[in-house]
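Shown next, in structure tokens, is the structure this report addresses.
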Amino acid sequence: QVQLVQSGGGLVQPGGSLRLSCAASGSTFSTYAMSWYRQAPGKVRELFASITSGGGGTNYADSVKGRFTISRDNAKNLVYLQMNSLKPEDTAVYYCKATFFYDRTRNYWGQGTQVTVSS
């Protein structure tokens, strides 16, 4: 299994930028695909970015495409989310998730971090 610890987040003005990090324990990080989710109060949790285990492929929801970038550094056991041109509607709790390559029913979640976009 893997433990995920998130950092970053906070309050930012519209149009600003933030970078979130997700650190994984252990030495098998490269066996996990990684995703970013977000959830606003009273709303469904939204998958908006994912990256393959090797980092060679990424996918984005239309709501963030062109503004957010997911990346990973397998040597450092880190996944990043760079968020640019932030909008108030981006306000949510952000979660990273690891999915085991050999068993897609095995998922691990970070603790979540609040991102608030407001002037």
Side-chain angles (χ1 to χ4, degrees):
Q1 62 182 36
V2 60
Q3 299 288 325
L4 303 178
V5 179
Q6 297 178 225
S7 61
L11 176 65
V12 64
Q13 295 184 350
S17 298
L18 282 175
R19 189 185 192 189
L20 305 183
S21 297
C22 179
S25 65
S27 60
T28 60
F29 180 63
S30 63
T31 64
Y32 292 85
M34 300 296 299
S35 300
W36 286 98
Y37 290 73
R38 63 186 182 181
Q39 186 171 24
K43 295 186 177 180
V44 66
R45 186 170 296 185
E46 175 194 19
L47 167 65
F48 65 87
S50 60
I51 188 167
T52 55
S53 59
T58 58
N59 285 285
Y60 300 94
D62 289 341
S63 58
V64 307
K65 189 175 181 62
R67 300 187 298 121
F68 292 7
T69 302
I70 185 173
S71 61
R72 68 190 297 162
D73 186 339
N74 285 349
K76 298 181 179 179
N77 287 10
L78 288 171
V79 173
Y80 303 101
L81 180 68
Q82 179 65 46
M83 302 183 290
N84 299 325
S85 302
L86 283 161
K87 306 173 181 179
E89 50 263 45
D90 294 320
T91 296
V93 177
Y94 284 68
Y95 301 89
C96 62
K97 186 188 78 172
T99 300
F100 190 44
F101 181 83
Y102 301 101
D103 183 0
R104 291 189 172 185
T105 67
R106 189 189 301 178
N107 299 302
Y108 304 92
W109 292 87
Q111 81 277 17
T113 185
Q114 178 71 45
V115 172
T116 301
V117 184
S118 177
S119 59

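The basis for the numbers below is simple: all heavy atoms, side chains too, and nothing from hydrogens, waters or symmetry mates. These numbers were taken from a predicted model, which means no experiment stands behind them. Position 1 is the first residue of the sequence, and the numbers go up from there.
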Considering residues at least two apart in sequence or located in another chain, which fulfil the side chain to side chain contact (heavy atoms under 4.5 Å, CB included) criterion with S71? Y80
If the condition is side chain to side chain contact (heavy atoms under 4.5 Å, CB included), which residues does R45 pass it with, not counting sequence neighbours? Y37, Q39, Y95, W109
Of all the heavy-atom pairs spanning M83 and L20, show the shortest one and how long it is. CE-CG, 3.8 Å
For residues 72-85, which residue pairs pass the salt bridge (charged side-chain N to carboxylate O under 4.0 Å, His left out) check, not counting sequence neighbours? none
Should V44 and V93 be regarded as members of a common hydrophobic cluster, given that ILVMFWY residues are connected when their side-chain heavy atoms come within less than 4.5 Å of each other, either directly or indirectly? no
Closest non-hydrogen atoms of S30 and S53, given as atom of the first, atom of the second and distance, are O-CB, 3.2 Å
Drop me the distance from L81's CG to M34's CE, to the nearest 0.5 angstrom. 11.0 Å
What residues form a side-chain hydrogen bond (donor to acceptor under 3.5 Å, both in side chains) with S17, not counting sequence neighbours? N84
What's the shortest heavy-atom distance between A24 and L4, and which atoms? CB-CD2, 3.7 Å
Which pairs with one or both residues in residues 78-119 pass disulfide (SG to SG under 2.5 Å), sequence neighbours excluded? C22-C96
Donor-acceptor pair, side chain of S25 and main chain of Q3, under 3.5 angstrom: yes
List for me each residue that meets side-chain hydrogen bond (donor to acceptor under 3.5 Å, both in side chains) alongside T99, sequence neighbours excluded, and say none if there are none. N107
Quick one: CG on N74 to OH on Y32, what's the gap to the nearest 0.5 Å? 12.5 Å
Salt bridge (charged side-chain N to carboxylate O under 4.0 Å, His left out): which pairs involve residues 82-105, sequence neighbours left out? R38-D90, R67-D90
Verify, without hydrogens or angle tests, whether T69 (side chain) and Q82 (backbone) share a donor-acceptor contact under 3.5 angstrom. no
Contacts satisfying disulfide (SG to SG under 2.5 Å) that involve residues 49-79 (not counting sequence neighbours) are none
Excluding sequence neighbours, so at least two apart, what forms side-chain hydrogen bond (donor to acceptor under 3.5 Å, both in side chains) with R19? none
Using side-chain heavy atoms (C-beta onward) and a distance below 4.5 Å, is T28 in contact with F100? no
With sequence neighbours excluded, what pairs up with T116 under the side chain to side chain contact (heavy atoms under 4.5 Å, CB included) test? L11, T91, Q114, S118
Can you hop from W36 to V2 via hydrophobic side chains spaced under 4.5 Å? yes
Hydrophobic clusters here meaning ILVMFWY residues chained together by side-chain heavy-atom distances under 4.5 Å, can you tell me if F101 and Y108 are in one? yes
Mind checking side-chain hydrogen bond (donor to acceptor under 3.5 Å, both in side chains) for R106 and listing every partner two or more places apart, or none if nothing turns up? none
ring-ring contact (aromatic ring centres under 6.0 Å, His included): pairs with one or both residues in residues 42-62, sequence neighbours excluded: F48-F68, F48-Y94
So, for S35 and L47, which heavy atoms are closest and what is the spacing to 0.1 Å? CB-CD1, 3.6 Å
